[in-house]
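One structure is given below, encoded as structure tokens.
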Amino acid sequence: MADNQQQIDLHPMRHSMAHIMATAITRLWPEVRLGVGPVVDNGFYYDVDIKGGQLSDADFEKIEAEMRKVIADNQEFVRFTKPIDEAIIWAQQAGQPYKEELLNDLKRAGTTSAKDLDVAELGLAAGDDAQVDEVSFYQNGDFTDLCRGPHVAATGNVGAFKLMRVSGVYWRGKEDNPQMQRIYGAAFATEKELRQYLNMLEEAKKRDHRKLGQELDLFVFSPLVGPGLPLWTPRGTTLRKELDRFVQELRDEAGFQEVTIPHITKKDLYEKSGHWAKFKDELFKITTREGHEYAMKPMNCPHHTQIYDSRPRSYRELPIRYRDTTMVYRDEQSGELGGLSRVLCITQDDAHVFCRLSQAKSEALRLWDIIERFYSAVGIPLKLRLSLHDPSNQSAYIGTEEKWEEVENALRAIAKERVGDDFIEAVGDAAFYGPKLDFLGRDALGREHQVATVQIDFGQPEGFDLTCTNEEGADERIVMVHCAVMGSLERFLSVYIEHSAGKFPVWLAPEQVRVITVNQEENTTLFADDLYKKARLLGLRIVVDNDNESVGKKIRNAELMKVPYTLVIGQKEIESGEVTPRIRKDMEVSAEQQSYTIEEFLKTVANEAKSRVSRTSL
RNA sequence: GCCACCUUAGCUCAGUUGGCUAGAGCACCGCUUUCGUAAAGCGGGGGUCUGGGGUUCGAAUCCCCAAGGUGGCUCCA
């Protein structure tokens with residue numbers, strides 16, 4: 001990595017910024033109790049508990065000003081160590097109960113067991129997490145903090161920073177713990193890089209899918225319908241349909257068959273699948289008038305297993321591949337909802353393969369192909385993450401440790417074969433029924449989002465006792481391979497709308513061609529009508545703007561809606577029968593700007609849509 | 001769900017320390033204009049200032065509650 005060098009310098013600098021901020025806050029609020037202050041992407045934070053007061057964004061200026069003083073003082077960062085018992089006494093005397101708690105944990109367990117705490121931030125001596133005798137401190141000026149380091153030499157050796165936001169957090173992330181405030185800062189080596197980062201945030205704001213969704217008329221929310229329940233307009237629906245059609249074409253090519261299932265089920269289905277025990281609280285439940293308990297489906301696999309299991313299956317008919325793009329419903333916590341990224345009704349482009357264990361690998365690779373073809377078409381580069389279970393938390397999963405390891409090794413082997421070492425492993429990110437190959441998409445602003453997933457599942461076939469009859473005439477346990485290409489269409493669209501900034505390629509554009517009339521005279525109107533009909537026959541999405549507005553205004557409106565092709569129709573076109581399309585600015589254009597006959601033009605656009613080429617330069 | 005902040009017309013936003021019938025631009029509707037590649041002109045309609053309670057002679061403005069939103073936390077099959 002080219003920026004490796006920078007990474008090495010940035011980390012201690014950002015960490016030192018956290019200490020500088022803590023120094024400033026301690027000066028301003030001497031009674032403050034400090035939590036932890038680690039480095040995060042793009043900066044740092046510190047958790048603080050200020051007695052009898054809340055910080056707000058308005059305090060940022062004050063804190064920033066004080067931080068600048070600390071930086072100007074250029075205080076040296078001095079490292080020293082203390083035996084753990086002395087350190088505990090220090091924390092007591094300093095009135096730092098949170099630090100004291102951390103130190104006690106260190107002493108007792110040798111580590112802070114809470115996995116949510118970044119152990120590296122504590123004063124642990126490197127390399128030992130079994131026995132802690134000594135912890136390290138860093139001091140700058142009259143501020144001392146329990147800290148592992150490393151730090152820059154002095155408070156003057158830092159780059160540019162800006163305090164970003166404040167938010168409430170629980171001490172060590174546990175709800176019954178006291179509430180603290182987390183103050184986030186951005187920090188970079190230079191003023192220029194900080195500005196670049198802030199500009200990126202500005203750009204992200206401009207392309208926010210919630211904003212574009214409104215401007216481009218893609219989806220809306222209604223207070224009567226409720227939060228987290230998007231309503232898709234005709235334009236947004238076109239976008240969804242076209243994306244889904246592409247995925248389904250790729251799947252059908254790979255031997256998938258479409259199935260259809262009801263959106264509710266008796267709870268018995270989920271008791272059997274294990275979902276009831278694990279996700280009971282997140283289910284939308286329904287009680288019938290006769291008192292039977294039903295639930296909205298939160299996922300589709302259990303339903304699909306019942307189609308598979310509706311009759312005895314021979315090994316000869318496997319793999320059986322079902323696909324089903326359908327909504328699932330999850331009762332998420334209200335504070336979690338946001339735009340399309342997190343909703344209560346999720347449209348999954350779901351697929352399940354029922355196959356023998358020996359077929360799982362080739363099935364997984366087949367699905368991987370589909371994922372790669374789809375994401376290369378939409379211009380989003382992928383990175384692989386192997387999501388594994390957390391052995392220290394085995395009770396969160398169904399199945400035995402041995403089985404998990406077997407399947408994880410199988411997935412790892414598939415990953416290695418396909419991409420070598422070019423993937424990351426994430427312990428604890430597995431689904432409760434099996435490990436996953438997760439695909440992370442990198443958008444045009446460099447942000448990563450989890451999108452597609454391929455999962456090998458032995459748990460549900462076990463739970464539903466899914467078998468096939470094998471060559472010996474015996475029952476053989478099968479496995480399921482789950483795969484979602486877009487995952488959640490809502491979340492995928494939140495990513496894709498921001499990735500593309502709403503400048504959709506022709507195959508996805510809700511409106512592909514706009515026809516602008518120069519005047520409202522009869523022959524112009526008739527000509528436009530004729531053009532419209534011809535375009536519709538070719539399956540094009542076309543809108544005629546025959547409003548009594550200036551041509552300039554109508555072109556502006558077409559631009560604002562990010563329509564790929566605009567035709568201005570007046571006397572000239574009527575006489576010559578030729579058009580010179582106006583092409584949306586981001587689209588790559590062949591060298592000579594040309595005129596077409598109407599038929600040529602429409603056929604060219606139809607072909608562009610059909611081939612799903614992307615002429616946009618994102 | 002928890003914490004902080006926000007909510008004025010369909011949209012984007014003005015609205016002094018509480019003080020006249022609450023404003024603008026865009027959008028919408030009507031009329032004029034019939035126009036050549038990013039905003040023609042004039043006129044008009046539209047608001048229980050998110051909802052409910054309170055304080056006050058008087059509330060968009062202050063307080064409380066609720067809903068919705070935003071940023072985080074936690075969660076995410």
Side-chain angles (χ1 to χ4, degrees), chain A residues 40 45 47 54-59 116 164-184 205 208 210-211 214-215 217 220-224 226-228 270 273-279 281-283 297-302 328 330-339 341-343 346 348 350 396-398 429-434 436 450 453 455 457 459-460 482 484 487-488 491 516-522 524-525 546-561 566-573 580-585:
Chain A
V40 290
Y45 70 77
D47 286 347
Q54 294 286 346
L55 290 175
S56 71
D57 295 6
D59 293 311
D116 42 48
M164 302 300 290
R165 56 183 171 262
V166 58
S167 69
V169 295
Y170 294 109
W171 167 237
R172 304 181 96 169
K174 290 205 191 80
E175 243 179 85
D176 358 302
N177 282 342
Q179 184 95 136
M180 307 184 75
Q181 289 179 291
R182 178 166 298 174
I183 305 167
Y184 286 91
K205 233 184 199 168
D208 188 314
R210 292 164 296 203
K211 184 169 174 278
Q214 183 186 295
E215 288 170 0
D217 189 24
V220 295
F221 288 91
S222 154
L224 287 177
Y270 298 133
S273 68
H275 290 93
W276 188 267
K278 190 148 178 72
F279 295 109
D281 293 340
E282 284 95 279
L283 291 176
K297 67 180 160 87
M299 31 114 67
N300 309 305
C301 5
V328 297
R330 296 176 187 175
D331 188 4
E332 307 278 4
Q333 300 184 106
S334 60
E336 263 315 314
L337 303 173
S341 324
R342 196 76 178 266
V343 290
I346 304 154
Q348 292 183 332
D350 215 351
Y397 307 93
I398 56 177
D429 277 359
F432 77 96
Y433 52 72
K436 308 188 282 180
Q450 205 224 298
T453 177
Q455 306 167 18
D457 177 10
Q460 292 189 77
H482 307 242
S488 148
R491 188 167 49 194
I516 290 173
T517 53
V518 172
N519 57 47
Q520 282 69 57
E521 278 154 21
E522 199 185 359
T524 314
T525 305
N546 194 30
D547 282 0
N548 182 4
E549 289 287 354
S550 67
V551 171
K553 174 67 163 290
K554 296 206 271 189
I555 284 170
R556 180 181 147 82
N557 287 341
E559 289 282 349
L560 290 174
M561 291 307 279
T566 304
L567 300 179
V568 178
I569 299 297
Q571 203 50 40
K572 199 176 92 196
E573 286 73 21
T580 307
R582 192 186 157 92
I583 302 173
R584 196 179 63 204
K585 288 204 185 72

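So you know, we letter chains A, B, ... as the sequences are listed, proteins then strands, and number each from 1.
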## Note on the structure
Of A:Met180 and A:Gly338, the one whose closest nucleotide on RNA chain B sits nearer the 5' end is A:Met180
### Task
Would you indicate what A:Glu521 reaches in the nucleic acid, counting non-hydrogen atoms under 4.0 angstrom: base, sugar-phosphate, or nothing?
sugar-phosphate
Which atom pairs link the protein and nucleotides 24-26 of chain B when you take only N or O atoms and keep those under 3.5 Å?
none

### Query
Got a donor-acceptor pair under 3.5 Å from the side chain of A:Lys585 to the base of B:A38?
yes
### Query
NA contact type, A:Val568, heavy-atom cut-off 4.0 Å: base, sugar-phosphate, or nothing?
base
### Message
Walk me through whether A:Lys554 and A:Thr566 qualify under side chain to side chain donor-acceptor pair (under 3.5 Å).
### Response
CA-CA 10 Å; A:Lys554 296 206 271 189; A:Thr566 304; over 6 Å; no
#### Entry: Test applied, side-chain hydrogen bond (donor to acceptor under 3.5 Å, both in side chains); reference residue, A:Asp208; option that passes from A:Lys211, A:Arg210, A:Lys205
A:Arg210
### Query
Distance between the P atoms of B:U7 and B:U17, in whole angstroms?
16 Å
### Task
Considering only atom C1', compute the distance from B:G30 to B:C49 and round it to an integer number of Å.
29 Å
### Message
Taking side chain to side chain donor-acceptor pair (under 3.5 Å) as the definition, give me every residue that meets it alongside A:Gln348, ordered by chain and number, with sequence neighbours left out.
### Response
A:Asn300
### Query
Taking the P atom of each, how far is B:A4 from B:C64, in whole Å?
11 Å
### Query
How far does the C1' atom of B:U34 sit from the matching atom of B:U61, given to the nearest Å?
49 Å
### Query
5'-most contact on RNA chain B: A:His275 or A:Leu560, nearest heavy atom basis?
A:Leu560
### Task
May I ask you to decide if A:Gln520's main-chain N or O and A:Thr524's side chain share a donor-acceptor pair within less than 3.5 Å?
no
### Task
With heavy atoms under 4.0 Å as the rule, sort A:Gly552 into base, sugar-phosphate or nothing.
sugar-phosphate
### Task
Under 4.0 Å between any heavy atoms, over every strand shown, what does A:Gly339 touch: base, sugar-phosphate, or nothing? Just pick one.
sugar-phosphate
#### Entry: A:Val551 side chain, from C-beta outward: closest of B:U34, B:U37, B:A77
B:U37
### Message
Please determine whether a side-chain nitrogen or oxygen atom of A:Tyr184 lies at a distance below 4.0 Å from atom OP1 or OP2 of B:C73.
### Response
yes
### Message
So A:Gln348, base contact, sugar-phosphate only, or nothing? Heavy-atom distance under 4.0 Å.
### Response
nothing
### Query
Taking the same atom, P, in B:A77 and in B:A38, what whole-Å distance lies between them?
49 Å
### Query
Should A:Arg210 be listed as having a side-chain N or O under 4.0 Å from OP1 or OP2 of B:G69?
no
### Message
Tell me whether the side-chain N or O atoms of A:Gln181 pair up with the base of B:G72 as donor and acceptor below 3.5 Å, since no angle test is needed here.
### Response
no
Atom pairs, protein N/O to nucleotides 6-13 of chain B N/O, distance under 3.5 Å:
{"unit_1": "B:C11", "atom_1": "O3'", "unit_2": "A:Gln214", "atom_2": "NE2", "d": "3.0"}

### Task
Just jot down the ring pair (Phe, Tyr, Trp, His ring centres under 6.0 Å) partners of A:Tyr170, sequence neighbours excluded, or say none.
none
#### Entry: Gap between atoms CD and C1', on A:Gln571 and B:C35 respectively (whole Å)
13 Å
### Query
Within the stacking criterion (centroid distance below 5.5 Å, interplanar angle below 30°), does A:Phe279 stack on B:A77?
yes
### Query
In terms of the angle between their ring planes, are A:Tyr433 and A:His482 parallel, tilted or perpendicular, with boundaries placed at 30° and 60°?
parallel
### Task
For A:Lys278, report the nucleic acid contact type (base, sugar-phosphate, nothing); a contact means any heavy atom under 4.0 Å.
nothing
### Task
List in chain and number order the residues that pass ring pair (Phe, Tyr, Trp, His ring centres under 6.0 Å) with A:Phe221, two or more places apart in sequence or in another chain; answer none if no residue qualifies.
none
### Message
Applying salt bridge (Lys or Arg N to Asp or Glu O under 4.0 Å), can you list everything that pairs with A:Lys278, at least two apart in sequence or on another chain?
### Response
none
### Message
Applying side chain to side chain donor-acceptor pair (under 3.5 Å), can you list everything that pairs with A:Asn557, at least two apart in sequence or on another chain?
### Response
none
### Query
What's the CZ-C1' distance between A:Arg556 and B:U37, to the nearest Å?
14 Å
#### Entry: Sequence-distant partners of A:Arg182, salt bridge (Lys or Arg N to Asp or Glu O under 4.0 Å), two or more places apart
A:Asp47
### Query
So which nucleotide from B:U37, B:G36, B:C75 ends up closest to the side chain of A:Arg582?
B:U37
### Message
Could you work out, with salt bridge (Lys or Arg N to Asp or Glu O under 4.0 Å) as the rule, every residue matching A:Lys297, not counting sequence neighbours?
### Response
none
### Task
Mind checking A:Pro298 for me? I need base, sugar-phosphate or nothing, with any heavy atom below 4.0 Å counting as a touch.
base
#### Entry: A:Thr453 and A:Gln455, any side-chain heavy atoms less than 4.5 Å apart
yes
### Query
Which whole number of Å gives the distance between the C1' atom of B:G52 and that of B:A59?
15 Å
#### Entry: Euclidean distance for C1', B:C73 against B:U16 (whole angstrom)
38 Å
### Query
Which dot-bracket string fits RNA chain B when only Watson-Crick or G-U wobble pairs with both atom distances under 3.5 Å count, crossing pairs get [ ], and | stands for a partner on a different strand?
(((((((..((((.....[...)))).(((((.......))))).....(((((..]....))))))))))))....
### Query
Would one find a side-chain N or O of A:Arg182 under 4.0 angstrom from OP1 or OP2 of B:A4?
no
### Query
Is the base of B:C5 touched by the side chain of A:Arg165 through a donor-acceptor pair closer than 3.5 angstrom?
no
### Task
For B:A9 versus B:G72, give the span between their P atoms, rounded off to a whole number of Å.
26 Å
### Task
With sequence neighbours left out, write down each residue that passes side chain to side chain contact (heavy atoms under 4.5 Å, CB included) with A:Leu283, or none if nothing qualifies.
A:Tyr270, A:Trp276, A:Lys285, A:Ala295, A:Pro298
### Task
Could you tell me whether the side chain of A:Arg491 has a donor or acceptor atom within less than 3.5 Å of a complementary atom in the base of B:C76?
no
### Task
Can you sort out the partners of A:Arg342 under side chain to side chain donor-acceptor pair (under 3.5 Å), two or more places apart, ordered by chain and number?
A:Glu332, A:Glu336
